[in-house]
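Here is the structure we will look at.
Note that ligands are numbered from 1 as they come in the structure, with each ligand's atoms numbered from 1 the same way.
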Amino acid sequence: MRSDLIIAQKRKEDEFITLFDDISAELDNYKAQLKGMRVLCPCDWDESYNEKTIYLKNKLKKKTKIVHCNFAKFLLAQAENYGIKSITSSGYNPANGKGIKFQDIDYSKYDVVITNPPFSQFDDFIKVLFDNKMKFIVIGPQTGVHYKKVFPYIMNKKLKLGYAKQLIGFQLRNGKKILSSDTGKQSGIPRACKWFTNLKVNKNIDEFVPTAKYNKKIHPKFFNYKKAINVPDVNLIPDNYKGEMGVPTTFISKYNPKQFDIIGKTSTINRSPKWVGDKAGLWIEYDKNLVETYQKKFIEKSKIFKINGRNVKIYAPFERIIIKAINKK
Ligand SMILES: C[S@@+](CC[C@H](N)C(=O)[O-])C[C@H]1O[C@@H](n2cnc3c(N)ncnc32)[C@H](O)[C@@H]1O
């Protein structure tokens, strides 16, 4: 069954090990913010199933010499340099039920969570961290932006992407590496992963400078959400459009909260009519004047629906984030 295959694939992705170089490149940016913090790595059962403090400043507690997980390795190597107060790692192995689930941890003992959580539970993971008022730097799938419990934090500017544009790769438990520089389906996974954080990110978001111009043939209004136009590619965000725009998820890498407001996403806006069973949910109606790329999509993907006695030929693009430019003259 296809759904079984998807679940099996997700479980495998839950076990992807983060590369030392990815951790070091990202965490170095937060050095000043990590000073004096009690760090928890809650998905590292390489070190310990139950909570184990591997570093405790000024108290000569144990400083574990042999650590396996790259998060623990990196943090331990930098603990003094960063002025970290303590490092604790814990984990849970769903295969044998050993350990402590991230859902069951007493977060009051820690200040910041740093880890790569199981992607299949990313939605709950982010919620648990916010519910416990934790600071965090964690890895997740870019599509996680759309998850029900994640999106509101993105929209309210409480959750943002970190520094790295993409990860270098992951390692599998058998030692094999999946690198984003490779070709093939799996190499797309690290490319589609991001760091998510609620710490300060001071990256010079070079203001994204849209160069495209609004054009009805490229930017049609959605059939079932007339307030917004569809933008088929981030590079086609028009610089002269004042209203709402539905943009692809990849926009999130270029998102500068001073430049754009996020108003919602496909499933949160007030669409009418709704297409029962359609997850994408925003429709574009066929129009012979639309540019060639749309015509191709209509040939490949369109469906005809009878709406108010009229046959409407529509195609639904992937999920959209609805944005609006700030201070457009
Ligand atoms: C993506 S791996 C990351 C491993 C390691 N932290 C790293 O990046 O090198 C996520 C790990 O979390 C474990 N895990 C699964 N469910 C968990 C839960 N409820 N609580 C804590 N860890 C869990 C998985 O078995 C897996 O080992």
Side-chain angles (χ1 to χ4, degrees), residues 6-27 30 39-55 64 66-78 87-107 109-110 112-132 134 136-144 147 149-150 162 164 166-180 186-197:
I6 291 170
I7 291 167
Q9 180 59 31
K10 280 202 163 192
R11 291 227 172 98
K12 269 193 219 151
E13 286 170 22
D14 278 359
E15 297 302 331
F16 284 5
I17 295 164
T18 318
L19 299 184
F20 190 92
D21 286 353
D22 273 323
I23 297 169
S24 123
E26 184 67 21
L27 294 194
Y30 307 87
V39 181
L40 172 72
C41 304
C43 302
D44 290 352
W45 59 267
D46 323 54
E47 310 312 333
S48 157
Y49 284 124
N50 295 307
E51 284 167 81
K52 183 158 117 193
T53 298
I54 55 174
Y55 176 82
T64 308
I66 303 164
V67 294
H68 305 282
C69 174
N70 287 328
F71 279 98
K73 271 188 197 163
F74 177 79
L75 288 164
L76 208 45
Q78 294 299 332
I87 304 167
T88 304
S89 99
S90 75
Y92 174 76
N93 182 353
N96 59 15
K98 277 193 189 172
I100 176 159
K101 293 182 178 175
F102 69 79
Q103 293 91 336
D104 300 332
I105 284 176
D106 174 5
Y107 287 93
K109 296 188 277 177
Y110 308 103
V112 64
V113 164
I114 302 179
T115 197
N116 174 11
F119 286 1
S120 64
Q121 300 177 62
F122 187 68
D123 210 15
D124 286 333
F125 188 74
I126 293 294
K127 182 173 184 319
V128 164
L129 297 184
F130 274 111
D131 285 353
N132 285 284
M134 290 303 292
F136 59 85
I137 311 165
V138 302
I139 293 173
Q142 178 171 269
T143 48
Y147 295 175
K149 296 170 194 166
V150 174
Q166 64 184 37
L167 299 185
I168 299 164
F170 287 115
Q171 188 167 335
L172 308 182
R173 294 249 171 237
N174 63 11
K176 200 182 149 222
K177 284 186 183 157
I178 299 172
L179 299 178
S180 58
Q186 287 220 304
S187 58
I189 298 172
R191 271 203 295 274
C193 287
K194 305 284 173 204
W195 290 90
F196 290 77
T197 186

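- Each of V138, L167, N116 was compared with W195 under the side-chain contact (heavy atoms from CB on, under 4.5 Å) criterion, and only L167 meets it.
- Between F74 and F20, the distance separating the two ring centers is shorter than 6.0 angstrom.
- Near D14, meaning under 4.0 Å from any of its heavy atoms, are these atoms of ligand 1: 1 (C), 2 (S), 10 (C), 11 (C), 24 (C), 26 (C).
- Ligand 1 has an N or O atom lying under 3.5 Å from an N or O atom of C43, backbone or side chain.
- Residue-level proximity to ligand 1 for P117 is carried by the backbone, the only part with a heavy atom below 4.0 angstrom.
- For the side chain to side chain contact (heavy atoms under 4.5 Å, CB included) test, residues two or more places apart in sequence or in another chain that qualify with S180 are Q166, P190, R191.
- Not close to ligand 1: K73, with no non-hydrogen atom less than 4.0 angstrom away.
- Centroid-to-centroid, the aromatic rings of F136 and F130 come within less than 6.0 Å.
- Residue T18 has at least one nitrogen or oxygen atom sitting less than 3.5 Å from a nitrogen or oxygen atom of ligand 1, judged on distance alone.
- In this structure, the protein non-hydrogen atom closest to atom 16 (N) of ligand 1 is Q121 NE2, 3.2 Å.
- The residue among F20, Y92, F170 with a heavy atom at the shortest distance from atom 13 (C) of ligand 1 is Y92.
- In terms of polar-atom proximity, defined here as any N/O pair under 3.5 Å, K101 makes no such contact with ligand 1.
- The part of F71 lying near ligand 1 is the side chain, judged by heavy-atom distances below 4.0 Å.
- Of all protein heavy atoms, the one lying nearest to atom 5 (C) of ligand 1 is D44 OD1, 3.4 Å.
- Atoms of ligand 1 lying under 4.0 Å from any heavy atom of R173, numbered from 1 in the order shown and given with element: 27 (O).
- Short contacts between ligand 1 and P94, defined as distances under 4.0 Å to a heavy atom of the residue, involve ligand atoms 15 (C), 25 (O).
- Between the side chain of Y55 and the main chain of A72, no donor-acceptor pair closer than 3.5 Å is present.
- Protein heavy atom at the shortest distance from atom 18 (C) of ligand 1 is F102 CD2, 3.5 Å.
- Contact between N70 and ligand 1 is absent, with no heavy atom of the residue lying under 4.0 Å from the ligand.
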